[in-house]
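Structure record follows, encoded as structure tokens.
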Number of protein chains: 2
Amino acid sequence: MAGTRLDPIDRKILAELQADGRMTNVELAKRVGISAPPCLRRVRTLEESGYIRGYHADVDSRELGFEVQVFAMVGLNSQAEADLSAFEELCRCWSLVRECHMLNGEVDFILKCVAPDLSTFQSFLTEDLLKAENVASVKTSLVIRDAKDEPGVPFDVLEERISRNA
Amino acid sequence: MAGTRLDPIDRKILAELQADGRMTNVELAKRVGISAPPCLRRVRTLEESGYIRGYHADVDSRELGFEVQVFAMVGLNSQAEADLSAFEELCRCWSLVRECHMLNGEVDFILKCVAPDLSTFQSFLTEDLLKAENVASVKTSLVIRDAKDEPGVPFDVLEERISRNA
DNA sequence: TGATTTTTGAAATATTATTGCGCAATCTCC
DNA sequence: GGAGATTGCGCAATAATATTTCAAAAATCA
């Protein structure tokens, strides 16, 4: 079912649910122009086929006391697959690390981290990250402020691209 | 209402909704150990007070054809507030830019971008980003793979921290 | 074109969300 | 310490939504 192409209604559903993941199925159906039952079936299919990975409340971490956000560029000593995987597994265990992406180029990984305060981050940095097996170098940058933070799919680009190729 | 401290039930609600934003209120109430009506009232309060910014479906962008993910480190010529703001406003307009964070240190901004393919990204890079007013330098890194991608609050850290300070 | 497969939507049913309200616990201020 | 005010709970009733069922419409294909 993976290769199934999506029709315009499916894409509209994805766009709407990306914008508001708690929209009722009735409202969603109205917006995409079909009745509720087929709309719900489409949503289920999109979930089962992996187009929708899940739904998440967007919780304000600063309000909860996580005032510090940091990007860490990490270089490793060995880039053997086993060593890369080992580092990734470590990242999955560290709660303060919210994202871990492997990169091309000089740096091997970029991590997005959060912490309640600088000292908490510093102790994570010196006690965990820098002491971790195979870590050669870490460069960190504090986030001053967020101008845009909308992970997800740019559906306007997708639609434009589809209509061009149609 | 901003400074209102949250009780353990509120935090549990946030944690549950962060993990599954479409959970029914009945299920949520069951999990946090209160009945449905007060649970719903708490959720509404959390939404209105800004602890919950919204809900979003997590859509698989690769499945939709966005195969390329890139981090771009941007340096500007001028760091005057007006110039910083102007660049941020540009980023908000660019659909391919999903995140824009201002950093301390040598680099001024880090952008997370997506694109259907490399050539699309390249043309964005050369036609838009590099030609933009005040942009001095851009260094890009392609994402090879994601080891972890869980934006949000590490509630385990939060709870540990609260119990320690209790 | 006609048979086959898919998808739809009206209607019925099951669940869930929401409101109203009285009760109990906690606070507050004498 | 205690009366009144405040807060938060949960039961019960109602409104709305989700989900199933099924016959008809639409799309697909030989």
Side-chain angles (χ1 to χ4, degrees), chain A residues 1-60 63-65 155 158-159 162-163 165-166, chain B residues 1-60 63-65 155 158-159 162-163 165-166:
Chain A
M1 242 269 174
T4 308
R5 199 145 220 76
L6 301 178
D7 69 15
I9 292 180
D10 287 321
R11 296 196 300 273
K12 190 86 193 298
I13 287 175
L14 292 175
E16 291 289 346
L17 287 180
Q18 177 173 282
D20 178 4
R22 272 215 109 157
M23 188 180 299
T24 68
N25 182 60
V26 169
E27 172 67 16
L28 180 61
K30 194 178 310 174
R31 293 199 187 193
V32 304
I34 58 178
S35 65
C39 184
L40 187 60
R41 276 190 297 265
R42 280 166 178 265
V43 171
R44 295 282 178 261
T45 300
L46 291 169
E47 290 167 353
E48 285 160 20
S49 57
Y51 286 99
I52 297 176
R53 292 206 200 87
Y55 304 87
H56 305 284
D58 175 13
V59 177
D60 190 327
E63 285 292 320
L64 288 183
F155 281 98
L158 179 60
E159 292 302 331
I162 286 174
S163 64
N165 286 28
Chain B
M1 239 268 176
T4 308
R5 198 143 222 77
L6 302 177
D7 68 15
I9 293 179
D10 288 321
R11 296 195 301 271
K12 190 85 192 297
I13 287 175
L14 292 175
E16 292 289 346
L17 287 180
Q18 176 172 282
D20 178 4
R22 272 216 115 164
M23 187 180 301
T24 68
N25 182 61
V26 169
E27 173 67 18
L28 180 61
K30 194 178 307 174
R31 293 199 187 191
V32 306
I34 60 179
S35 65
C39 183
L40 186 62
R41 280 190 293 262
R42 280 168 179 264
V43 171
R44 295 283 178 260
T45 301
L46 290 168
E47 289 167 354
E48 284 159 21
S49 57
Y51 286 99
I52 297 177
R53 292 204 201 88
Y55 304 87
H56 305 285
D58 175 11
V59 178
D60 190 326
E63 285 292 320
L64 288 182
F155 281 98
L158 179 60
E159 291 302 332
I162 286 173
S163 64
N165 285 29

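Reminder, nothing fancy here: chain letters follow the sequence lines and each chain counts from 1.
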Under 4.5 Å between any side-chain heavy atoms of B/L6 and B/L46, yes or no? yes
Is the shortest distance from a Lys or Arg side-chain nitrogen in A/E48 or A/R44 to a carboxylate oxygen in the other one below 4.0 Å? no
Starting from the first five and the last five pairs of the helix from C/dT1-D/dA30 to C/dC30-D/dG1, work out the angle between the resulting helix axes, to 10 degrees. 50°
Less than 4.5 Å apart, side chain to side chain, heavy atoms only: is that true for B/K12 and B/P8? no
Report yes or no: does B/R22 contribute a side-chain atom to a donor-acceptor pair with the main-chain N or O of A/H56 at less than 3.5 Å? no
So, do B/F155 and B/L14 sit near enough that their side-chain heavy atoms are less than 4.5 Å apart? yes
Test item: B/L28 and B/T24 side chains (from C-beta on) under 4.5 Å apart, heavy atoms: no
What's the CG-C1' distance between A/L40 and C/dA14, to the nearest Å? 13 Å
Indicate for each nucleotide in nucleotides 7-13 of chain C, in 5' to 3' sequence, whether protein heavy atoms under 4.0 Å reach the base (B), only the sugar-phosphate (S), or nothing (-). -BBBB--
Any donor-acceptor pair under 3.5 Å from A/N25 side chain to A/A36 backbone: yes
Which atom names give the shortest non-hydrogen contact between A/I34 and A/P38, and what distance separates them? CD1-C, 4.1 Å
Taking heavy atoms of chain A and a 4.0 Å limit, find me the 5'-most and 3'-most nucleotide of DNA chain D within that range. D/dT17 to D/dT20
Would you indicate whether the side-chain heavy atoms of A/D10 and A/Y51 approach each other to under 4.5 Å? no
Going by an N to O cut-off under 4.0 Å, is there a salt bridge joining A/R42 and A/D7? yes
